[in-house]
2 protein chains.
Amino acid sequence: MADVAEKAGVSRALVSIVFRNQPGASEETRQRVLRVADEIGYRPDSAARLLARGRSRTLGVMFTVHQTFQTDLIEGIYPEAERLGYDVLLSATAPGRNEAKAVEALLSHRCEALILLGPDAEAGYLDDIGHRAVTVSVSRRVPGARVDFVHSAEGKGVRQAMEHLVELGHRRIVHVDGGRGPGSAERRRAYRAAMRRHGLESEQRVIPGDHTEQAGIETGRLLLAERDRGLALPTAILAGNDRCAMGVLMALTRAGVEVPRDVSVVGYDDSHLSHLMPIGLTTVRQDATLMAEHAVRFAVERLENPGLEPREAVLDPKLVVRGTSGPPPDGAA
Amino acid sequence: MADVAEKAGVSRALVSIVFRNQPGASEETRQRVLRVADEIGYRPDSAARLLARGRSRTLGVMFTVHQTFQTDLIEGIYPEAERLGYDVLLSATAPGRNEAKAVEALLSHRCEALILLGPDAEAGYLDDIGHRAVTVSVSRRVPGARVDFVHSAEGKGVRQAMEHLVELGHRRIVHVDGGRGPGSAERRRAYRAAMRRHGLESEQRVIPGDHTEQAGIETGRLLLAERDRGLALPTAILAGNDRCAMGVLMALTRAGVEVPRDVSVVGYDDSHLSHLMPIGLTTVRQDATLMAEHAVRFAVERLENPGLEPREAVLDPKLVVRGTSGPPPDGAA
DNA sequence: TACTCGTCCTAGAGCGCACTAGTAGAGCGC
DNA sequence: GCGCTCTACTAGTGCGCTCTAGGACGAGTA
């Protein structure tokens, strides 16, 4: 920077002004400084910049590499952050890299706010970081923690899916839940409520799972094993999310069970996976773009308005009927 | 930091020593400093830390959100970087956020080295950044640019796939290429060479595509439309990557074409998608973990040894035969 | 003329650390 | 008692930038 200043015949402060695009420099000098900087190959060092101004204008996003819905969210976070003049840093959780590690990385890189996509840490810890930095939790409600919360109305989504299935004539509807996955508790509850409401309390069945294809596969195998022991297959399966639904589909199809002729399968998320299935996955759509925008806006507004209390945004999900749901086979109980 | 120093009754320098885990502090003081820091909620500011020491020990990784193979790579990058004492920052390309933007973000956050996963920018630009920072390109050869290069032997992979198909009896094998996608040029060339070598030059056909499901779907539709006009379907399709193969499968299956009975489909990458297909995708496996480790090691070694010239690592891919490949239908030409 | 004001610019302090050079004091041999 | 080394610590500088306070100069106003 000093080199640029010298070579352009101005002070360092002026160079700073030019690079911050601030008023206080004539168009002529501005061009000259920019030209010289380009020649020298100078680029402002953001570490020093962060250090010098109090603020970093950087949002940290924690996500899980393979959760397709989360990567859908990231695509929505970037443009909204850019629009509001914020930088985005990504930190992934992965096997061997837990959430605390990912969060520490973001925090120590001076992120002013954290956007946590489907965090799984305990409420106490999240409350801690909520006090250290503005924090937004996406898809996971954290009772008692000082964090904003963006999610879709899981209850409504599940209700729509269940109504769809019941209208088609299904009664033996099982739910593979998402374990500790974000939104799972709410979806599980809504499934139970819907079964009760339709007088199917006795048919209720929740199979423990999680938000991976593996869980779906295992569920499929479990149900097939039961069938081989003489029990009837359910006529419909409501999966915890799309990835899980994929797994179920895979296990069933491989065993010759036809979807949706023999069994209907419904997912959740409408991640970009779901329309890629050979027959298209019937699923509950969460609007990733909208959720991302809300998350960014919550973070930014709270940063620029420190008095603000954390808020909650609830978006309406919407059932998308594709090819994996249909009427139950004739003669199904 | 000053607060911690004061409250612990030591100098700031001592606090610095403790937090850097350096010799020069007694165990007793060490514990005291740590305890006080914890009480106050002090955490070292990495921006200031970066600024103060010359080096940042941070690797920047550019990737594309939805390329599953790249997210597989990221999972491998983290542990290796941590092992070598480096931090990792992620920056994604996405619609509206091109590679230059993603790279600038990393560079201005003081990443010492860049690991670019399947970069698509022109060689001149990559050479530029190769001169600005240690740069590793994964999966894309950039002739003439000052970058390390980690990839798998695309030629070998394609050759294995082609041999597998030819041995099964296929002759009408088309290739949906990956357009400008990483490795595509090499795969395309290898396909052509293999066709020639097996005396199938006249059957050669490359359909332009890219590394997305959409490209696969469009190819599927194209082939189906041709069939409806009386042309025969190919008996095997070699896709540019797994995602493209998925798309092909989807289009064909939806139209009632059975895989592999009517058509065999082979992918490339063995991303975690491929074993999830209902029948399992036959594909060419690239070892993501190994590639990630090489990339990190190249970057780090060149950082710590500035004299080193950029290198190239070629890993051997391996055909994984699953359920989407089989003998061609009887009577196929 | 004397003044204000606006534009374009500069000097210099300080952001939170790391690091070099150095000090104080304990322990040791002679 | 001396010098010596080793451990445990500290003062002070500088990393590359931003930002506040203010200066120089010309144009407009009283």
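Each chain gets a letter, A, B and so on, in the order its sequence line appears, and its residues count up from 1. Note that this is a predicted model, so its numbers are computed, not measured.
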- Query: So what is the end-to-end bend of the helix from C:dT1-D:dA30 to C:dC30-D:dG1, with 5 pairs used at each end and the value given to 10 degrees?
  - Reply: 50°
- Query: Does anyone know the first and last nucleotide of DNA chain C in reach of chain A, 5' to 3', at under 4.0 angstrom to a heavy atom?
  - Reply: C:dC8 to C:dG16
- Determine the contact category for A:Arg110: base if any of its heavy atoms lies under 4.0 Å from a base atom, sugar-phosphate if only primed atoms, P, OP1 or OP2 are that close, otherwise nothing. sugar-phosphate
- Selection: residues 13-40 of chain B, any non-hydrogen atom under 4.0 Å of DNA chain C: B:Ala13, B:Ser16, B:Arg20
- Neighbours of DNA chain C within residues 44-54 of chain A, by heavy-atom distance under 4.0 Å: A:Leu51, A:Ala52
Taking only residues two or more places apart in sequence or in another chain, which ones pass side-chain contact (heavy atoms from CB on, under 4.5 Å) with [X]?
{"X": "A:Ala288", "value": "A:Phe69, A:Asp72, A:Leu73"}
{"X": "B:Ala25", "value": "B:Leu14, B:Ile17, B:Val18, B:Arg30"}
{"X": "A:Arg53", "value": "A:Arg49"}
{"X": "A:Glu293", "value": "A:Glu80, A:Thr289, A:Leu290, A:Arg297"}

- Item | Residue pairs passing the ring-ring contact (aromatic ring centres under 6.0 Å, His included) test where at least one lies in residues 76-102 of chain B, sequence neighbours excluded | none
- Task: Can you run down the ring-ring contact (aromatic ring centres under 6.0 Å, His included) pairs that involve residues 105-144 of chain A, sequence neighbours left out, and say none if there aren't any?
- Result: none
- Query: Can a salt bridge be assigned to the pair B:Arg12 and B:Glu6 using a cut-off of 4.0 Å between side-chain N and carboxylate O?
  - Reply: no
- Message: Less than 4.0 angstrom from a charged side-chain N to a carboxylate O is my criterion; do B:Asp120 and B:Arg140 meet it?
- Response: yes
- Mind checking what makes ring-ring contact (aromatic ring centres under 6.0 Å, His included) contact with B:Phe19, not counting sequence neighbours? B:Tyr42
- Note on the structure: For B:His151, the ring-ring contact (aromatic ring centres under 6.0 Å, His included) test, sequence neighbours excluded, returns B:Phe149
